[in-house]
Amino acid sequence: MRKIIPLIIISLSFILATYVYPEMPSTMASHWGVSGEVNGYMSKPWGLYFVPILSLFLYLLFLVLPKFDPYKENFSQFAHYYYQFVTVVISFLFYLYLLTIFWNLGYRFNILQLLSPAFAILFYFVGVLTINAHQNWFVGIRTPWTMTNKIVWKKTHVLGGKLFKLTALVNLLGIVFPEQAIFLMITPAVFTSIFVFIYSYSVFQGQA
């Protein structure tokens with residue numbers, strides 16, 4: 001069932017694309033700038049089918065990656081969280097797709113403000129997956145030091161998971177402060193990524 005839900009969502013996106021195709025303009029808004037203004041367009045076929053195709057590609061990639069990992073036996077230890085995250089990613093893309101569809105149907109809203117809770121959910125589950133991930137080559141905070149030392153991996157991922165959950169809370173502020181939404185979504189994620197990289201090295205030095 002955990003693998004079926006994303007496939008259902010992807011199928012819905014293809015069905016929706018076909019259903020609304022006659023209602024869409026020949027050129028669709030597809031990109032928004034840091035202030036929430038439209039700054040990019042796609043032709044109708046690409047505008048409608050790009051996200052469903054991308055979602056299907058990512059879904060298949062997520063299914064295949066564990067099979068090629070040298071640590072693939074470790075995936076079974078956090079498979080529940082991994083496939084939970086896959087569902088969240090596909091749902092996130094579907095939500096973004098719905099916003100795009102509604103915009104091109106003529107509805108107007110602050111898209112960055114509406115994306116804030118979606119990013120919050122996404123980063124929260126990044127945190128959940130990070131905390132529970134075991135050593136592997138495709139998921140988690142993969143630095144030279146986490147990949148060579150299980151203790152460094154564990155400590156880095158426990159802290160990193162907590163920081164990504166904190167990132168999710170900061171993302172929610174974009175609902176209240178829509179003009180700063182893009183920075184509230186990106187800045188804490190960048191800070192967390194840089195910090196855990198440095199932290200993993202620090203922990204590794206302590207183990208040496």
Side-chain angles (χ1 to χ4, degrees), residues 1-15 51-97 117-172 185 188-208:
M1 189 65 181
R2 62 192 181 187
K3 297 180 182 180
I4 297 300
I5 293 176
L7 197 56
I8 292 173
I9 295 171
I10 293 168
S11 299
L12 286 175
S13 67
F14 276 102
I15 292 171
V51 171
I53 292 171
L54 174 64
S55 298
L56 180 59
F57 171 77
L58 289 176
Y59 172 70
L60 295 175
L61 184 64
F62 279 129
L63 292 183
V64 169
L65 284 179
K67 301 181 186 300
F68 290 95
D69 197 308
Y71 291 97
K72 59 185 176 182
E73 68 279 359
N74 285 354
F75 264 90
S76 62
Q77 300 181 59
F78 65 97
H80 168 75
Y81 301 100
Y82 178 73
Y83 290 110
Q84 184 182 67
F85 177 71
V86 173
T87 300
V88 171
V89 170
I90 299 302
S91 299
F92 174 84
L93 290 173
F94 185 64
Y95 176 70
L96 176 60
Y97 183 60
F119 270 99
I121 293 171
L122 179 65
F123 279 115
Y124 178 82
F125 281 96
V126 168
V128 172
L129 178 60
T130 299
I131 289 175
N132 290 282
H134 292 252
Q135 264 185 330
N136 70 95
W137 281 97
F138 296 115
V139 176
I141 304 163
R142 301 173 309 284
T143 70
W145 312 291
T146 58
M147 295 306 298
T148 56
N149 188 301
K150 289 185 178 180
I151 295 176
V152 176
W153 174 281
K154 184 63 177 179
K155 289 185 176 181
T156 300
H157 282 71
V158 168
L159 177 62
K162 291 177 180 178
L163 289 177
F164 278 119
K165 288 182 179 181
L166 182 60
T167 294
L169 291 177
V170 176
N171 290 165
L172 288 174
M185 287 187 282
V190 172
F191 169 80
T192 295
S193 300
I194 294 173
F195 183 82
V196 294
F197 181 87
I198 297 172
Y199 177 77
S200 69
Y201 176 73
S202 175
V203 175
F204 180 80
Q205 288 293 92
Q207 293 292 317

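The environment of OH in Y124 is sparse: at most 12 heavy-atom neighbours from other residues, nucleotides or ligands sit within 6.0 Å. Within 6.0 Å of OH in Y81 there are 12 or fewer heavy atoms belonging to other residues, nucleotides or ligands. Annotation for Y201: atom OH does not count as buried by contact number, only 12 or fewer foreign heavy atoms lying within 6.0 Å. Remark: K165 NZ is packed, more than 12 non-hydrogen atoms of other residues, nucleotides or ligands lying under 6.0 Å away.
Note that CD1 of I121 and CG of L172 are 8.5 Å apart. Values are rounded to the nearest 0.5 Å. The structure places CD1 of I10 at 12.0 Å from CD1 of I15, a figure rounded to the nearest 0.5 Å. For the atom pair T156 OG1 and I151 CD1, the distance stands at 11.0 Å (nearest 0.5 Å). Separation of atoms CG (L56) and CG (L58) is listed at 9.0 Å; rounding is to 0.5 Å. Taking OG of S202 as the start and CZ of F195 as the end, the distance is 8.5 Å to the nearest 0.5 Å. Atoms CG and OG1, on L122 and T167 in that order, are 11.0 Å from each other to the nearest 0.5 Å.
The side-chain contact (heavy atoms from CB on, under 4.5 Å) with P188 is formed by just one residue from the set L163, N171, L166; it is N171.
Here the side chains of F123 and M185 are not in contact, with every heavy-atom distance at 4.5 Å or above. S91 has its side chain within reach of I9: a pair of non-hydrogen atoms, C-beta onward, lies under 4.5 Å apart. Two residues are said to be in side-chain contact when any heavy atoms from C-beta on lie closer than 4.5 Å; V51 and L96 fail this criterion. Here the side chains of S55 and F94 are not in contact, with every heavy-atom distance at 4.5 Å or above. In this structure, F125 and V89 have side chains that are not in contact, with every pair of non-hydrogen atoms separated by 4.5 Å or more.
Scanning all heavy atoms of the two residues, the minimum distance from T143 to S200 falls at OG1-OG, 3.1 Å. Scanning all heavy atoms of the two residues, the minimum distance from P66 to L63 falls at CD-O, 3.5 Å. The two residues S13 and P52 come nearest to each other via the heavy atoms OG-CB, 3.4 Å. When all heavy atoms are compared, the tightest approach of P6 to T87 is CG-OG1, 3.5 Å. In plain terms, the two heavy atoms of Y59 and K3 that are nearest each other are OH-O, 2.5 Å.
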**OP:** Please assess Y199 against V203 for the test side-chain contact (heavy atoms from CB on, under 4.5 Å), listing each intermediate value before the final yes or no.
**Re:** CA-CA 6 Å; Y199 177 77; V203 175; 3.4 Å; yes
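The aromatic rings of F78 and Y82 sit perpendicular, their planes meeting at an angle over 60°, well past the 30° parallel limit.
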Which pairs of donor and acceptor atoms, one on a side chain in residues 130-142, lie under 3.5 Å apart (sequence neighbours left out)?
| from | atom 1 | to | atom 2 | distance (Å) |
| --- | --- | --- | --- | --- |
| T130 | OG1 | V126 | O | 2.6 |
| N132 | ND2 | V128 | O | 2.7 |
| H134 | ND1 | Q77 | OE1 | 3.4 |
| Q135 | NE2 | T146 | O | 2.8 |
| Q135 | NE2 | M147 | O | 3.4 |
| N136 | OD1 | F138 | N | 2.8 |
| N136 | OD1 | V139 | N | 2.5 |
| N136 | ND2 | H134 | O | 2.7 |
| N136 | ND2 | V139 | O | 2.9 |
| R142 | NE | W137 | O | 3.1 |
| R142 | NH1 | F138 | O | 3.2 |
| R142 | NH1 | G140 | O | 2.8 |

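Aromatic ring centroids of Y83 and F62 lie 6.0 Å or more apart. The distance between the ring centers of F204 and W153 does not fall below 6.0 angstrom.
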